[in-house]
Amino acid sequence: MAVKRAAVEAEPVLWRIGEVAKLTGVTTRTLRYCEELGLLQPASRTDGGERIYGAGDVRRVTRIREWQELLGFSLDEVKAVLSTGDVDVLDRVHFELRDSEVSLSRRRALLDEAIAANDQLVGRLEDTLARIRALRDERAAIALRLRKNRAELGVDAGY
């Protein structure tokens with residue numbers, strides 16, 4: 001019985017597109033659009049063509065959504081970050097490190113690879129944050145000029 005239970009537990013969990021939409025808080029349309037942009041590929045499809053997603057896909061959708069919400073990234077900007085491969089490297093390393101059979105030397109190599117990929121990703125995020133700060137500063141300067149111009153016009157007697 002223990003062998004059967006272990007085999008069942010080892011089976012990957014798969015979700016249909018509607019289930020992933022509910023789990024991640026996005027629409028099925030968004031998931032299809034992410035696929036169209038190359039941001040996401042379903043783990044497989046049913047014989048009827050329905051998209052089937054795995055845990056890694058759900059993590060990826062969650063990451064995309066976080067970058068959109070937290071950093072204000074558009075899907076194109078998310079695609080630019082993901083296309084560098086660093087995130088894929090980190091996901092692959094994470095998955096491989098979960099294997100208890102991986103040798104100590106391989107674990108070291110994987111961790112070195114993850115550190116390099118993560119450092120590159122952090123660098124890109126720092127660049128993005130610098131661009132966001134510059135945009136914020138530009139908009140704040142414009143707001144000051146607009147307020148100054150408005151104040152120079154004085155009070156409108158018609159109001």
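- In terms of the side chain to side chain donor-acceptor pair (under 3.5 Å) criterion, Glu66 has no residue partners (sequence neighbours excluded).
- A distance-only check finds a donor-acceptor pair linking the side chain of Lys79 to the backbone of Leu37 [under 3.5 Å].
- Minimum interatomic distance between Ala43 and Gly54 (heavy atoms only, all atoms of both residues): CB-N, 3.9 Å.
- In this structure, the side chain to side chain contact (heavy atoms under 4.5 Å, CB included) partners of Arg145, at least two apart in sequence or on a different chain, are Ala141, Ile142.
- Identified under the side-chain hydrogen bond (donor to acceptor under 3.5 Å, both in side chains) test for residues 12-25, with sequence neighbours left out: Arg16-Glu50.
- Residues Leu14 make up the rest of the hydrophobic cluster containing Ile52, defined by ILVMFWY side-chain heavy atoms closer than 4.5 Å, directly or through other members.
- Between Ile64 atom CD1 and Cys34 atom SG the span is 4.5 Å, to the nearest 0.5 Å.
- Legend: salt bridge (charged side-chain N to carboxylate O under 4.0 Å, His left out) pairs involving residues 125-136, not counting sequence neighbours: none detected.
- In this view, Arg51 and Ile17, Arg32, Glu35, Pro42, Arg45, Tyr53 satisfy the side chain to side chain contact (heavy atoms under 4.5 Å, CB included) rule, not counting sequence neighbours.
- Taking a 4.5 Å side-chain heavy-atom cut-off between Ile, Leu, Val, Met, Phe, Trp and Tyr, the cluster of Leu111 extends to Val89, Val93, Leu97, Val102, Leu110.
- Qualifying side chain to side chain donor-acceptor pair (under 3.5 Å) partners for Thr27, counting only residues two or more places apart in sequence or in other chains: Thr30.
- In terms of the salt bridge (charged side-chain N to carboxylate O under 4.0 Å, His left out) criterion, Arg107 has no residue partners (sequence neighbours excluded).
- Cluster membership check: Leu135 does not share its hydrophobic cluster with Leu146, using side-chain heavy-atom separations under 4.5 Å among Ile, Leu, Val, Met, Phe, Trp and Tyr.
- Looking at residues two or more places apart in sequence or on another chain, you find a side chain to side chain contact (heavy atoms under 4.5 Å, CB included) between Ser74 and Asp76, Glu77.
- Leu23 and Leu31 fall within a single hydrophobic cluster, where Ile, Leu, Val, Met, Phe, Trp and Tyr are joined by side-chain heavy atoms under 4.5 Å apart, directly or via other members.
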Practice task
Carefully, step by step, assess Asp57 and Val20 under the rule side-chain contact (heavy atoms from CB on, under 4.5 Å).
Solution key: CA-CA 9 Å; Asp57 301 316; Val20 172; over 6 Å; no
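- Residues that satisfy the side chain to side chain donor-acceptor pair (under 3.5 Å) test with Ser103, not counting sequence neighbours, are Ser105.
- In this structure Asn118 satisfies the side chain to side chain contact (heavy atoms under 4.5 Å, CB included) test together with Leu90, Val122, sequence neighbours excluded.
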